[in-house]
**Q** 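For reference, the structure I am asking about is given below.
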Amino acid sequence: MRLPDKTATMEAAIAAIPDGATIMLGGFGVPGTPFCLIRELVRQGQKDLTIIKNDANETGMGVDWLLEAGQVARLIASHIGLNSRAVRMMNAGEIEVEFAAQGILAERIRCAGSGLLGFVTDIGLGTRMARGKTEVTVEGRTGLLETALFADFALVHADRADHFGNLCYAAAARNFNPLIAMAARRTIAEVETVLPLGALAPEEVHTPGPFVDQVIALPELPEVYGVVQR
Amino acid sequence: MRLPDKTATMEAAIAAIPDGATIMLGGFGVPGTPFCLIRELVRQGQKDLTIIKNDANETGMGVDWLLEAGQVARLIASHIGLNSRAVRMMNAGEIEVEFAAQGILAERIRCAGSGLLGFVTDIGLGTRMARGKTEVTVEGRTGLLETALFADFALVHADRADHFGNLCYAAAARNFNPLIAMAARRTIAEVETVLPLGALAPEEVHTPGPFVDQVIALPELPEVYGVVQR
Amino acid sequence: MSSSARTRMLRRAAAEIRPGMVVNLGIGLPTQVLAHVPANLPVCLHSENGIAGVGPVREGAAADRNLIDAGGAYVSTVPGASFCDSATSFAIVRGGRLDLTLLGAFEVAGNGDLANWIIPGQFTPGAGGAIELAQKARRVCVLTTHADKSGRSKIRKRCELPLTAPACVDRIVTDLAVCDVTAEGLVLTELADGVSVAQVLAATDADLIVPEGAIPTF
Amino acid sequence: MSSSARTRMLRRAAAEIRPGMVVNLGIGLPTQVLAHVPANLPVCLHSENGIAGVGPVREGAAADRNLIDAGGAYVSTVPGASFCDSATSFAIVRGGRLDLTLLGAFEVAGNGDLANWIIPGQFTPGAGGAIELAQKARRVCVLTTHADKSGRSKIRKRCELPLTAPACVDRIVTDLAVCDVTAEGLVLTELADGVSVAQVLAATDADLIVPEGAIPTF
């Protein structure tokens, strides 16, 4: 036995995404955001997308490119305060935005990735985050039912990977990436350095290969991945 | 700032466990089982314990020492077939045994460690594992409510650690260890090699230090940790 | 069962494993299929104790004390293997990333019901990972002798033992035949070399649909 | 607020951080407390984007493009730091492993209610991690100017803005005073150097219990 090779081209991987798809994006701010995959999605122009990401990046990068191009119908996030376009489009009704508490968003994604239907938490009780949610009692304690959050595609940015799709993330660029990698019908990873099988120690892998469908080696890193100068 | 030092002695760490405590043990078979901590628990003789572990080890090791010494009142596990004493004591009513599907046991422990109340899964629907469980409907799909499983103490075996309690596990000795480390009021780790702060790369840590309360360096590994000769 | 019948059954089961799959081999007979998987087949073997990329069994001095599979056998890893915790390992199973599992059976019914974890009063060790493997693998193939040691058919109209999971089995591979669970019922799709349809029908408690025309052999 | 009053407030807030704690510093004023934590204090700073062991801020060429805190500042790590995913990071928060959080406030009420994430119609960026920090840290200390820019007291009888979490605050540290949320109500426990009880009472909308005897200063 040998492990399957999942290397693919960016164009073909993104071309499989249809209009109306639900897409999860990794990243918390710049670190871990799959800018090259997003740029290809802008180039191909799929419409009416539901985007699930912790944040909306900042104006002029990442999610903002999709917003500017009018490709986003709906955004599920925990915080979009650094992107004034996202806030403006939300307030103008041009996109629909659903907010979740950050750790609950993470957990809803992991819940889907773990093949569970939902979970019960007391987070948000007594606040407007509880609105419209079902209360469930667990051993005498009341909580809110949070539903598993699935996607059709997950676009992940990894620092290192092998041909089978084992992924390692750098520093705080890990964030939501390992979670969304579990929760989509198809997971596409853009990778800074693709290594041969066996180059990653089995103990150091952050996302096991079975979760990943396609591995795309980035030829060069555009400036947007760098330190943001303010 | 520097990170706190959590190194401790085995005798003092185990002495904090009272009679009647609920204790989670790492390990799937031999790998990852904290044999030295269990041996100290047998030496100190705490009674009426609830033990939560994937399995009951094999006759003559680990959990079996606690069973033989009559210290266990209740066992929550996924499979005890390799320990004939455990099966016999269960059938004779000498211990109470609660079974969970293996991944559901893992998930109930993680659920507690993640500060959630419970989760909903379709695992076990239509089987006797569903008996006595509450049905919850999530977006039109019916599932079973599984409750978070907490412990007073978690006893973990790690391959490497630093003074702050960052833990790394070897190979398949990881199994339940990172999960139970999250789910107990106090987590005690026995460690094959304790390293200075900074010796573990921040990316390679499996259990972050904040989950761990006490780090105990093992002076030598007894034979029970070795390859089982059958 | 003769040694050649056993080998034929294991080889036939190995053919269920297709390129690119993530596969979990249950304890017992399924584990023995490993020896019949082509060396160059691109496949990932999963073990529920947290291994993706299980390699051949290791014995004696070659064994790693920290590296067993879910059946307790000392194993190796292939290049590109990874380790994970038990929650992540079962996320692979329940989340739809496990393409195939081969499982043993006490009883399997014509409707795909599987019983393989408990014999009340006799064998009550707990389910381990069997329930999730049976219920959530994208494809479930049961690998079992057609009859138990007392000669009773394991392929039943209905399971009498407590179920591991209802309606979960897609295919049954035995020493006598291959049967597929379909919307119409259990269909005889292949015969072991030298075994007749009449022999299979006589050895099967479940109702078995025999298609017209020649039935392939394995 | 004078520069010295600000420094005094930040120093007082820094004193909330005790040896051995795991601490999360919210965005804004709380982040600035970092400069006043003694270099040798054994403490672990947590950032909700997946860092345990945050170190000092890094600027310019010293910045690591992959290493920011939850507020977007480029930071460093201390020896023994670790990275984790966002689910694990919030497991630390919700699971009871976060000993203390210092949070900013739009409004905080005498009963410990906190509003710090939304101003309907004006500021609606989403909650980020604030709800979980406020609700689940073992100890919640609000760090805020006593009044907002228009001079309105931030320490309210009741919050008028939507709550981040109800009854979550243990202590309030401002440029004027330290107040504790107790079963009896909000208690004035310390005064900033040179500030009188009368000044604090005049600047506070919430009912404030003034204990008998001398009140310590900071």
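Computation of the quantities below employed the complete heavy-atom set of this structure, encompassing side-chain atoms and omitting hydrogens, waters and symmetry-equivalent molecules. To find a chain, count down the sequence lines: A is the first, B the second, and so on, and within it residues start at 1.
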**Q** Mark yes when over 12 heavy atoms from residues, nucleotides or ligands other than Glu11(B) sit less than 6.0 Å from its CD; otherwise mark no.
**A** no
**Q** Measure the CG-CZ distance between Leu41(D) and Arg2(B) for me, rounded to the nearest 0.5 Å.
**A** 8.0 Å
**Q** What part of Thr187(B) gets within 4.5 angstrom of chain D, counting heavy atoms only: side chain, backbone, both, or neither?
**A** both
**Q** Select one option (side chain, backbone, both, neither) describing which atoms of Arg185(B) are under 4.5 Å from chain D's heavy atoms.
**A** backbone
**Q** Between Cys84(D) and chain B, with a heavy-atom cut-off of 4.5 Å, which part of the residue counts as in contact: side chain, backbone, both or neither?
**A** side chain
**Q** Let me know if Ile17(D) has heavy atoms under 4.5 Å from chain B in its side chain, its backbone, both or neither.
**A** neither
**Q** Work out which heavy atom in Leu3(B) is nearest to a heavy atom in Gly53(D); give both atom names and the distance.
**A** CD2-CA, 4.3 Å
**Q** If every non-hydrogen atom of Met1(B) is compared with every non-hydrogen atom of Val78(D), which pair is closest and at what distance?
**A** O-CG1, 4.1 Å
**Q** For Glu59(D), look at atom CD and say whether over 12 heavy atoms of other residues, nucleotides or ligands are found less than 6.0 Å away.
**A** no
**Q** Restricting to non-hydrogen atoms, name the atom on Pro4(B) and the atom on Val43(D) that form the minimum distance, rounded to 0.1 Å.
**A** CD-N, 3.8 Å
**Q** Output the option from Ile92(D), Thr88(D), Leu98(D), Ile51(D) having the highest count of non-hydrogen pairs under 4.5 Å with chain B.
**A** Ile92(D)
**Q** Sort out for me which of Val22(D), Asn40(D), Val37(D) touches chain B most, counting heavy-atom pairs under 4.5 Å.
**A** Asn40(D)
**Q** Can you give me the closest heavy-atom contact between Ala184(B) and Arg97(D), atom names plus distance?
**A** O-NH2, 3.2 Å
**Q** So for atom CZ, which belongs to Arg158(D), do other residues, nucleotides or ligands contribute more than 12 heavy atoms lying within a distance under 6.0 Å?
**A** no
**Q** Quick one: OG on Ser82(D) to CZ on Phe211(B), what's the gap to the nearest 0.5 Å?
**A** 9.0 Å
**Q** Side chain from CB out, backbone as N, CA, C, O: work out which of these in Val54(D) comes under 4.5 Å of a heavy atom of chain B, or both, or neither.
**A** backbone
**Q** Would you mind telling me which of Asn166(B), Asp5(B), Asp162(B), Leu195(B) has the largest number of heavy-atom pairs within less than 4.5 Å of chain D?
**A** Asn166(B)
**Q** Between chain D and each of Ser114(B), Gly198(B), Ala112(B), count heavy-atom pairs under 4.5 Å; write down the option with the most.
**A** Ser114(B)
